[in-house]
Amino acid sequence: MSKKRVLSGMRPSGKLHLGHLHGVLENWLKLQAEYECFFFVADWHALTSDYEDPGSIRENVEEMIPDWLSIGIDPEISTIFLQSHIKEHAELNLLLSMITPLSWLERNPTYKEQLAEIKDKDIRTYGFLGYPVLQTADIVIYKADLVPVGIDQAPHVELSREIVRRFNHLYGRIFPEPKTLLTDTPKILGTDGRKMSKSYNNAIFLSDPPEVVEKKILTMMTDPARKRRQDKGNPEVCPVFLSYHKIYSNEDTIDWVKRGCTTAGIGCIECKRSVIPKVISRLEPIRIKREEISKDTGLVNRILKIGDERARAVASPVMDEVRGAIKLA
Ligand code: TRP
Ligand code: SF4
C-alpha cells in the first residue's frame, strides 16, 4: 500500500524560534519518516496580511527554508516548494471561490478574531477573507489525505472539508476530504511570559548562539509573585518551568524545581541555570548545520527548483481533472 500523503504549509515569518521547533517542526520530522510529505512556504498567504511589505516576505523565505533543513527536514525525502511558484493553487483557489458561500468565511472564528485583534494593518480585504479558500486549494490540489495543524488551525481544515464536499457534490467526486492531524502543540512562552512570537520581541531563535540563549533565559520573566529570593514561588505560573523545564528536564529535575520553588529552597537564577545547558545543547547542532547551509548561497533556489517540479507534477494533472469536471475544457 502506498504511503498516505501529508501536506502542510508555513507562512514565511522570518527566522524560526523555539515555538516553531516544538510546536511544528519536530512533528514534521516524525511525519517525514512515515508519510509522503509536501511542505511548502505559504508566501501568498503571507501577502494576505502583509501586502504592504512584500520585500520582507521574500527575505523570510530565504531564512525559513535553511531553518527547516537545519532541523532535519530533508529535501530528498520530502517535497519542499514555494506556493507562489505553483500557479495551479491560484487557479483552483479561483474555482473554489465560486462555490464557497460568503457566510462560511464570515463565520470563521480565526477571521473574526483577527479582525478584532489586528489593528496595525488593514486586513478588511477580499484576499484575507478568502484565506481558507486558498488554503483549501493548497491541500486538495495534491489530494492530500492528512493535514497536520495545531488546534487554532483546526477550523480552517474543517472549512476545507466542507468546501470539498460541496465541490464533489456539484462536479463529481474528485477530491478526498482532507483529515486534520491534530498536533499537540505545547505553548512555548517567550522571555516576557507571553506566547513566543517574533512580533512580541520575546523569542529564542534557532540561530541564537549559546551566549544569547543564556542571556535570554537568565532575563526571562518568572512567577511575578516571587519578587525576592526568600519568596515562595509557583512553578505552574512560571514560563521557565512551563515552557522549558517541562520540555527539557527529566523527572528528578522537575521534582527538584517544584520542591525548591514552592519552599524558596532554590533561587530563580539557580533554577534557570539548570535548564540553560539543555536548551543550548538542543540548539547547537541546529545552529551549526544552519551555518554550514547558509554558506551555500544557491541552495534555497536549487531545493525549490526540485521541489517545485515535484509539486507541479502532481498539481498539474489534478487541475486538468478539475477543468474537465467543470466543463472548462
Ligand atoms: N494557515 C497556515 C498557517 O497558519 C499556513 C497554511 C497555508 C497551511 N496553507 C496551508 C497549513 C495548507 C496547512 C495546509 O501558517
Ligand atoms: Fe520559576 Fe524556577 Fe523561579 Fe520557580 S524557581 S519562579 S520555577 S524560575
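Read the numbers this way: they start at 1 and go in the same order the structure lists the ligands and their atoms.
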Check atom 3 (Fe) of ligand 2 and write out every protein N, O or S atom at under 2.8 Å, as residue and atom.
C268 SG
Do [Y] and [X] meet the salt-bridge criterion of a basic N to acidic O distance under 4.0 Å?
X	Y	result
D320	R323	yes
E177	R165	yes
E62	R58	yes
R302	D296	yes

Going by ring-ring contact (aromatic ring centres under 6.0 Å, His included), name the pairs with one or both residues in residues 262-313, residues two or more places apart or in two chains.
none
Tell me if the centroids of the rings in [X] and [Y] come within less than 6.0 Å of each other.
X	Y	value
H22	Y248	yes
F167	F175	yes
F205	H20	no

Expected contact list for ligand 1 at under 4.0 angstrom, heavy-atom basis, is L7, S8, G9, R11, F40, A42, H45, Y131, Q135, D138, I139, V147, Q153
Residue set satisfying ring-ring contact (aromatic ring centres under 6.0 Å, His included) with W68, at least two apart, ordered chain then number -> W28
